[in-house]
Amino acid sequence: MVQDEVVFRGHHNVLSYHKKSIEITREGDLSPKGDCIIGVSSNKGCGHLDQRLRHALREKNTRVKMEIIVNNKSFVISGRGDSGLMASDIKDIVIRKSSFCCPRTLSVFCDKAASDIPDGIVRDLRNPEAKGLLRITAE
């Protein structure tokens, strides 16, 4: 088992409507068009994650658990690794329901997307002062 954490903050334009992905970005601003983005100003992109984690993500049989924690509320997403995952982008982290792999992709075949995040967490993430944590575990 290998684990890493990403710290991010909320933004008043968090919508969480997207039905196929969730994104966290190092960018500080968010337009209303970014309906999959749930966090900005993160301290890491995929390329900054622990090398052992990035290596584990490249295995097709790796199970990936991602937990989003905001104000003592949590939301768990399950996905898996894939040999096509490079997880090398230094700006973004994207969690996908599909099998699409690009440098921004953290995990594929995930069981949840932005539209599945509970309303209470989304409301909290609309506050620019909100601090979020993405805990990633691969095994």
Kindly indicate whether the side chain of [X], heavy atoms from C-beta on, has any atom under 4.5 Å from the side chain of [Y].
| X | Y | value |
| --- | --- | --- |
| R26 | D92 | no |
| D116 | K97 | yes |
| R104 | E23 | yes |
| V6 | L49 | yes |
| I22 | I117 | yes |
| S88 | R54 | yes |
| M66 | C110 | yes |
| R63 | E139 | yes |

Under 3.5 Å, side chain of [X] to main-chain N/O of [Y], donor-acceptor pair present?
| X | Y | answer |
| --- | --- | --- |
| D111 | I77 | no |
| H11 | V14 | no |
| S42 | T25 | yes |
| S21 | V94 | no |
| K44 | V7 | no |

Charged N-O contact under 4.0 Å between [X] and [Y]:
| X | Y | result |
| --- | --- | --- |
| K131 | D124 | no |
| D4 | R52 | no |
| R9 | E129 | no |

With rounding to the nearest 0.5 angstrom, report the [atom1] to [atom2] distance, [X] to [Y].
| X | Y | atom1 | atom2 | result |
| --- | --- | --- | --- | --- |
| S41 | I24 | OG | CD1 | 12.0 Å |
| L57 | H55 | CG | NE2 | 10.0 Å |
| I68 | F8 | CD1 | CZ | 6.0 Å |
| I93 | H48 | CD1 | NE2 | 9.5 Å |
| C102 | D89 | SG | CG | 7.0 Å |
| L85 | E59 | CG | CD | 10.5 Å |

Which of these, T137, V108, I136, sits in a side chain to side chain contact (heavy atoms under 4.5 Å, CB included) with V64? I136

[X] versus [Y], closest heavy-atom pair with distance:
| X | Y | result |
| --- | --- | --- |
| N13 | P32 | ND2-CD, 3.8 Å |
| V70 | G132 | CG2-CA, 4.1 Å |
| A138 | A56 | CB-CB, 4.1 Å |
| V2 | D50 | CG2-OD1, 4.1 Å |

Without hydrogens or angle criteria, can the side chains of S83 and R58 be said to hold a donor-acceptor pair below 3.5 Å?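 No.
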
For a quick check under 3.5 Å, do T105 and R96 share a side-chain donor-acceptor pair by atom type? yes

Does F75 have K112 sitting over its ring (NZ/CZ under 6.0 Å from centre, angle to axis within 45°)?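 Yes, a cation-pi geometry.
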
More than 12 non-hydrogen atoms from neighbouring residues, nucleotides or ligands closer than 6.0 Å to CG on L133, yes or no? yes

Residues, nucleotides or ligands: over 12 heavy atoms within 6.0 Å of K19 NZ: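 Result for NZ/K19: open.
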
